[in-house]
Protein chains: 2
Amino acid sequence: MQLYLEKLKEGGLKLTPRRQAIIEFFVDGKSHLTPEEVWKKLKKRFDRCGLPSVYRNLESLVKCGILTKIQQFDRKKHYGLCSAVHGDYHHHHITCIECGKVDEIKDCAIGDAKKIKGYKVVSHFIQVNGICADCSRG
Amino acid sequence: MQLYLEKLKEGGLKLTPRRQAIIEFFVDGKSHLTPEEVWKKLKKRFDRCGLPSVYRNLESLVKCGILTKIQQFDRKKHYGLCSAVHGDYHHHHITCIECGKVDEIKDCAIGDAKKIKGYKVVSHFIQVNGICADCSRG
DNA sequence: CCTCAAATAGAAACTATTTCTGTTTATTAT
DNA sequence: ATAATAAACAGAAATAGTTTCTATTTGAGG
């Protein structure tokens with residue numbers, strides 16, 4: 001947790017109670033959350049809190065490297081704790097479709113390929129969906 | 001073109017003028033399009049045409065294997081002609097961020113991996129964005 | 001403690017998508 | 001050909017997720 005708060009400061013972001021709470025949700029839950037889910041949790045702790053702040057905060061936390069965006073096939077945004085917070089290495093994510101847990105995948109076929117099929121590769125995105133060991137047992 | 005019309009029939013879908021037109025847009029343009037872009041093109045040919053039909057048709061065309069969804073990082077849906085229309089083999093897509101052209105990638109690191117990191121792999125998605133040879137030259 | 005930029009709430013706007021209802025149209029079987 | 005019928009359709013309206021705006025509050029540095 002302390003690590004994340006330092007990351008916040010490094011990114012020039014203030015340490016507000018709401019931001020701390022949001023980070024805690026991700027640290028404790030070890031899962032990915034949508035802005036609305038974050039908002040619901042936040043409302044339990046704070047009498048007054050607005051959804052727009054949640055959106056802004058999630059984006060800020062992505063920018064300073066604490067969270068990562070997870071692309072799903074619905075219209076909602078998804079965010080997860082970036083487990084690569086200790087170093088900025090290349091990785092992707094595997095998400096449990098049952099419980100929402102997010103893990104990282106270090107092996108990447110695209111890696112630092114500069115060219116594929118004549119294309120100059122600019123960016124790439126890999127998302128794996130599965131069922132984690134815990135949920136499989138259940 | 002004929003190939004696609006057969007695919008439509010195979011999928012149990014009617015051969016309507018609007019569907020033919022939509023397929024043509026993709027075949028001729030060789031690029032990915034959003035529902036709204038398709039709608040704009042459609043309106044030039046048909047006096048009356050509704051956006052909801054466009055959405056429905058694009059989804060139908062995905063289901064019968066003519067189009068494929070392309071995940072971008074905006075809120076819009078993107079569709080592209082599935083170049084694997086001749087066979088239903090496993091592949092992903094590379095998209096030119098300049099002109100929107102879509103090519104397929106046959107090599108896939110995830111492939112038919114059953115397990116990754118203890119997760120039972122259910123599905124995966126790879127999207128590569130780049131600049132194609134034509135656009136690089138320009 | 002004072003200042004001030006950053007963060008915030010709440011309302012309202014916006015945008016992409018979906019749902020609904022009644023009408024039209026392409027296919028299939030006569 | 002033509003009638004029957006299930007699918008496709010238009011257009012209006014609703015919805016959902018996100019963003020913008022404005023005025024107020026708050027945290028961090030002096």
Side-chain angles (χ1 to χ4, degrees), chain A residues 2 4-25 32-64 66-67 69-79 100, chain B residues 2 4-25 32-64 66-67 69-80:
Chain A
Q2 195 53 40
Y4 296 112
L5 300 182
E6 276 163 26
K7 269 240 162 195
L8 260 186
K9 272 202 153 180
E10 276 171 36
L13 294 176
K14 287 184 182 172
L15 241 83
T16 70
R18 268 139 242 248
R19 276 189 188 147
Q20 292 198 35
I22 291 175
I23 295 173
E24 276 171 34
F25 296 151
H32 64 144
L33 297 167
T34 62
E36 216 197 327
E37 287 166 343
V38 170
W39 188 44
K40 275 183 190 158
K41 283 168 173 282
L42 211 56
K43 277 195 287 193
K44 287 181 190 162
R45 284 211 207 168
F46 299 89
D47 281 351
R48 318 169 80 237
C49 65
L51 192 49
S53 285
V54 174
Y55 278 94
R56 240 179 304 108
N57 275 326
L58 290 172
E59 277 306 301
S60 302
L61 293 173
V62 167
K63 263 188 199 143
C64 77
I66 292 175
L67 298 182
K69 276 196 218 192
I70 294 165
Q71 193 88 341
Q72 301 287 105
F73 279 96
D74 55 9
R75 284 163 69 181
K76 297 175 193 169
K77 298 196 164 178
H78 295 252
Y79 295 88
Chain B
Q2 195 52 41
Y4 295 112
L5 301 183
E6 277 162 25
K7 269 242 162 192
L8 260 186
K9 272 203 153 179
E10 276 171 36
L13 294 175
K14 287 185 182 171
L15 240 83
T16 70
R18 267 140 243 248
R19 277 187 187 149
Q20 292 199 33
I22 291 175
I23 295 173
E24 277 170 32
F25 297 151
H32 64 143
L33 296 167
T34 63
E36 216 198 327
E37 286 166 344
V38 170
W39 187 44
K40 274 183 190 160
K41 282 168 173 284
L42 211 56
K43 279 195 286 190
K44 287 182 190 162
R45 284 210 208 169
F46 299 90
D47 280 353
R48 318 170 80 237
C49 63
L51 192 48
S53 286
V54 174
Y55 277 95
R56 242 179 301 111
N57 275 327
L58 290 172
E59 276 307 301
S60 302
L61 293 173
V62 167
K63 264 188 198 143
C64 76
I66 292 176
L67 298 182
K69 276 197 218 193
I70 294 165
Q71 193 87 343
Q72 300 289 105
F73 280 93
D74 55 10
R75 285 163 69 184
K76 296 175 193 169
K77 298 196 165 177
H78 294 252
Y79 295 87

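Numbered from 1 within each chain, the chains take letters A, B, ... in sequence-line order.
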Rounded distance (Å) that lies between atom P of C/dA9 and atom CZ of A/R19 = 11 Å
Between NZ of A/K40 and C1' of D/dA16 the distance, given in whole Å, is 13 Å
Between C/dA26 (P) and B/K14 (NZ): distance, integer Å = 8 Å
May I ask you to decide if B/C49's main-chain N or O and B/W39's side chain share a donor-acceptor pair within less than 3.5 Å?
-> yes
Within less than 4.0 Å of OP1 or OP2 of D/dT19, is there a side-chain N or O belonging to A/K77?
-> yes
Specify the separation, in whole Å, of atom CD of A/E59 and atom P of C/dT8.
-> 14 Å
Do other residues, nucleotides or ligands put more than 12 heavy atoms under 6.0 Å from A/K43 NZ?
-> yes
Return the value, rounded to whole Å, for the distance between atom CG of A/L15 and atom C1' of D/dG29.
-> 14 Å
To the nearest Å, how far apart are B/Q20 CD and C/dA26 C1'?
-> 11 Å
Which is it for B/V62 and B/L58 under the side chain to side chain contact (heavy atoms under 4.5 Å, CB included) test, yes or no, and what are the steps along the way?
-> CA-CA 6 Å; B/V62 167; B/L58 290 172; 5.8 Å; no
To the nearest angstrom, the CG-P distance between B/L42 and D/dG11 comes to 12 Å
Give the C-alpha distance, both sets of side-chain angles, the deciding distance and a yes or no for side chain to side chain contact (heavy atoms under 4.5 Å, CB included) between B/R45 and B/F25.
-> CA-CA 11 Å; B/R45 284 210 208 169; B/F25 297 151; 3.8 Å; yes
Lys/Arg N to Asp/Glu carboxylate O, A/K41 vs A/E24, below 4.0 Å | no
Whole-Å gap separating P (D/dA6) and NZ (B/K9) = 19 Å
When you measure from every atom of DNA chain D, which of residues 47-56 of chain B have a heavy atom less than 4.0 Å away?
-> B/R48, B/C49, B/G50, B/P52, B/S53, B/R56
Contiguous pairing runs of three or more, Watson-Crick or G-U under 3.5 Å, that involve DNA chain D = C:1-30 with D:1-30
With a non-hydrogen cut-off below 4.0 angstrom, is B/K76 in contact with a base, only sugar-phosphate, or nothing?
-> sugar-phosphate
Do the side-chain N or O atoms of A/T16 get closer than 4.0 angstrom to the phosphate oxygens (OP1, OP2) of C/dA6?
-> no
Where each residue is assigned the nucleotide of DNA chain D containing its nearest heavy atom, which of A/P35 and A/L13 is assigned the position nearer the 5′ end?
-> A/P35
Work out which heavy atom in B/R19 is nearest to a heavy atom in B/L8; give both atom names and the distance.
-> CD-CD2, 4.1 Å
Straight-line distance of A/I66 CD1 to A/I23 CD1, nearest 0.5 Å = 4.0 Å
Test for a donor-acceptor pair under 3.5 Å between the base of D/dA8 and the side chain of B/R18, counting only N and O atoms.
-> no
If every non-hydrogen atom of A/G11 is compared with every non-hydrogen atom of A/C64, which pair is closest and at what distance?
-> CA-CB, 4.1 Å
Residue pair A/Y79 / A/E37, side-chain donor-acceptor N/O under 3.5 Å | no
Taking for each residue the nucleotide of DNA chain D with the nearest heavy atom, is it B/N57 or A/H78 whose nucleotide lies nearer the 5' end?
-> B/N57
